[in-house]
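If you read the sequence from its start, that first residue is 1, and numbering goes on from there.
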Amino acid sequence: MPQLLLFAVLCLGFLNVQAEATITPSEVYGQVLLIEKETELVKHHFNYAKQPIAVAEVNANIMPRHVWQKCYMLQKKLVAFRRKHQLDALTPVEIEPVKDMDPRYTWAQTQRILVEIRIIRMLLGISGEAGAALPVEGKVPLDVFNKLSQIEAEWDALTGADFDASYAFGQAMRLNEEVDVILRHLGLFDDAIPPEKNVTAIPANSLTQIFLVLEQLQRLKKLAGLDIADLSAFRKTEQITAYDVFNMICLTLAELQPLKYQIGLRHVVTVPANHYENKTPADVLQLLGYVTNKLVLIQHL
């Protein structure tokens, strides 16, 4: 009898492994199209005809972790929309670090976004049906990322909020805390010095600096034996805004997660972003410079 019970338990375990869902980028893309339809219902309700800022598609080494982070950025826009309509703001979901994220994680993010939009619609009395997700074929994470960027621009237009330096500063503070956690984990004393504040700084300076942060991070990922994602497509030389900085800091946070996993910080979740006001590009640049100096302290893993 005990042998039969053991056999049954082993069979159940095998079935659970076999039943684990496989989700493709195409399926995620189908859900993103449904998010787009839900967004159109909101636009129609407010009779909002203004065209969003055109978003150029990028051709970069986009992986599911970057798509996950893009979903986070869209969730931040929903938070801003809530604030605009005097609804309680929520904190977007964060997860434990993983080494190799797959589309199941990004699919889950799309479901959170869909639920949040439907909650907003219910609270604001926005009627209509978006229908079901239609099957899509041949999509890759890059396609999902670019479509999410377009939808994010739609919510920017709906919100009318200027994603200024304060939003970028909030993400830079999260990045700063992540680096502090790594320093403590490695037993390194933080004797880095913040650079002097450049009061004439503009977003272009901060964008240059976040790429210096990324270079240091990529150095550490190589030391840890991890693959490096090429995000050079996000470098810009003109019309650089605070949002470009916000976007790149978020992608850098995504790049940091495999390193946390690899060095043993597998249950340390990134802290939520606090709400800041009246921050300037000078504040963002100085904080990113401080983060860069901290990463330089790490020479061994």
Side-chain angles (χ1 to χ4, degrees), residues 66 69-70 72-73 76-77 79-80 83 89 91-92 94 156 161-221 223 229 231-257 259-260 265 268-299:
H66 306 123
Q69 203 67 32
K70 178 55 73 173
Y72 168 89
M73 295 180 223
K76 291 294 289 183
K77 304 309 171 70
V79 171
R83 286 199 177 101
T91 299
E94 283 290 347
D156 281 341
D162 179 14
F163 269 72
D164 58 11
S166 294
Y167 285 92
F169 186 84
Q171 296 304 315
M173 285 294 290
R174 298 175 79 214
L175 184 59
N176 180 62
E177 176 59 27
E178 291 280 82
V179 174
D180 284 347
V181 167
I182 292 173
L183 289 175
R184 290 193 294 268
H185 178 72
L186 296 176
L188 294 175
F189 178 70
D190 177 12
D191 59 358
I193 300 173
E196 290 187 15
K197 184 177 288 190
N198 176 5
V199 295
T200 63
I202 58 176
N205 302 127
S206 297
L207 188 64
T208 298
Q209 190 65 49
I210 188 58
F211 272 102
L212 294 177
V213 172
L214 184 60
E215 287 175 11
Q216 288 297 322
L217 176 56
Q218 289 174 333
R219 173 180 64 83
L220 296 178
K221 291 181 74 174
L223 286 177
L231 299 178
S232 58
F234 293 94
R235 291 184 185 272
K236 294 177 66 176
T237 57
E238 56 185 21
Q239 296 182 326
I240 298 169
T241 67
Y243 175 76
D244 295 311
V245 181
F246 170 87
N247 184 67
M248 199 59 219
I249 296 174
C250 288
L251 293 178
T252 302
L253 281 164
E255 282 299 288
L256 190 60
Q257 301 315 302
L259 179 65
K260 285 170 60 182
L265 293 169
V268 180
V269 178
T270 307
V271 297
N274 289 322
H275 181 71
Y276 295 91
E277 295 181 354
N278 303 318
K279 294 299 181 182
T280 66
D283 296 314
V284 179
L285 177 62
Q286 183 181 43
L287 182 54
L288 291 176
Y290 189 24
V291 172
T292 307
N293 294 344
K294 290 180 181 183
L295 287 172
V296 171
L297 296 174
I298 306 173
Q299 294 299 316

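- Residue pairs meeting the side chain to side chain donor-acceptor pair (under 3.5 Å) criterion with at least one member in residues 204-213, sequence neighbours excluded, are Gln209-Thr292.
- A distance of 8.5 Å separates CG in Leu220 from CG in Leu186, rounded to the nearest 0.5 Å.
- When atom types are taken as modelled, the side chain of Lys260 and the backbone of Val268 share a donor-acceptor pair closer than 3.5 angstrom.
- Shown here for Ala168 and Ala242, the closest heavy-atom pair between the two residues is CB-O, 4.1 Å.
- The shortest distance between side-chain heavy atoms of Met73 and Tyr243 falls below 4.5 Å.
- For Arg219, there are no salt bridge (charged side-chain N to carboxylate O under 4.0 Å, His left out) partners at least two apart in sequence or on another chain.
- Across Ser166 and Asn278, no two heavy atoms sit closer than the pair OG-N, 3.2 Å.
- Within the 3.5 Å criterion, the main-chain N or O of Tyr167 finds no donor-acceptor partner in the side chain of Lys76.
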Run the side chain to side chain contact (heavy atoms under 4.5 Å, CB included) test on Thr252 and Leu256 for me, step by step, so that the C-alpha distance in whole Å, both residues' side-chain angles and the decisive distance to 0.1 Å come before the verdict. CA-CA 6 Å; Thr252 302; Leu256 190 60; 5.8 Å; no
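- Taking 4.5 Å as the limit, every side-chain heavy atom of Leu212 sits out of range of all side-chain heavy atoms of Gln216.
- Interatomic distance, Cys250 SG to Gln69 CD, rounded to the nearest 0.5 Å: 5.0 Å.
- The shortest non-hydrogen separation linking Leu207 to Val245 is N-CG2, 3.9 Å.
- The salt bridge (Lys or Arg N to Asp or Glu O under 4.0 Å) pairs that include a residue from residues 275-293 are Lys197-Asp283, where partners are two or more places apart or lie in different chains.
- Residues Thr241 and Pro203 are not in side-chain contact: their nearest non-hydrogen atoms beyond the backbone lie 4.5 Å or more apart.
- Residue Ala282 comes nearest to Val199 through the heavy atom pair CB-CA, 4.1 Å, listed as atom of the first residue, atom of the second, then distance.
- Here the side chain of Asn176 pairs no donor or acceptor atom with the backbone of Val291 at under 3.5 angstrom.
- Between the side chain of Gln257 and the backbone N or O of Leu253 there is at least one donor-acceptor pair closer than 3.5 Å.
- Of the inter-residue distances, the one linking Asp180 atom CG with Met173 atom CE reads 9.0 Å to the nearest 0.5 angstrom.
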Going through the checks in order, is the side chain to side chain contact (heavy atoms under 4.5 Å, CB included) test met by Leu214 and Met248? CA-CA 9 Å; Leu214 184 60; Met248 199 59 219; 3.7 Å; yes
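- In this structure a side-chain-to-backbone donor-acceptor pair under 3.5 Å is missing from Glu178 to Val271.
- Distance alone, capped at 3.5 Å, is enough to place a donor-acceptor pair between the Gln286 side chain and the Pro195 backbone.
- Here the closest non-hydrogen pair linking Lys294 and Val179 is CB-CG1, 3.7 Å.
- Between atom CD1 of residue Ile210 and atom CZ of residue Phe234 there is a gap of 13.0 Å, rounded to the nearest 0.5 Å.
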Please lay out, stage by stage, how Leu288 and Leu175 fare under the test side chain to side chain contact (heavy atoms under 4.5 Å, CB included). CA-CA 9 Å; Leu288 291 176; Leu175 184 59; 4.2 Å; yes
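- Remark: side-chain polar atoms of Asn293 are not paired, donor with acceptor, to backbone N or O of Tyr290 under 3.5 angstrom.
- Checked for salt-bridge contact, Arg184 and Glu177 meet the test: a charged N lies under 4.0 Å from a carboxylate O.
- Within 6.0 Å of atom CD in Gln299, more than 12 heavy atoms from other residues, nucleotides or ligands are found, so the atom counts as buried in its surroundings.
- Shown here for Leu285 and Ala201, the closest heavy-atom pair between the two residues is CD2-CB, 3.7 Å.
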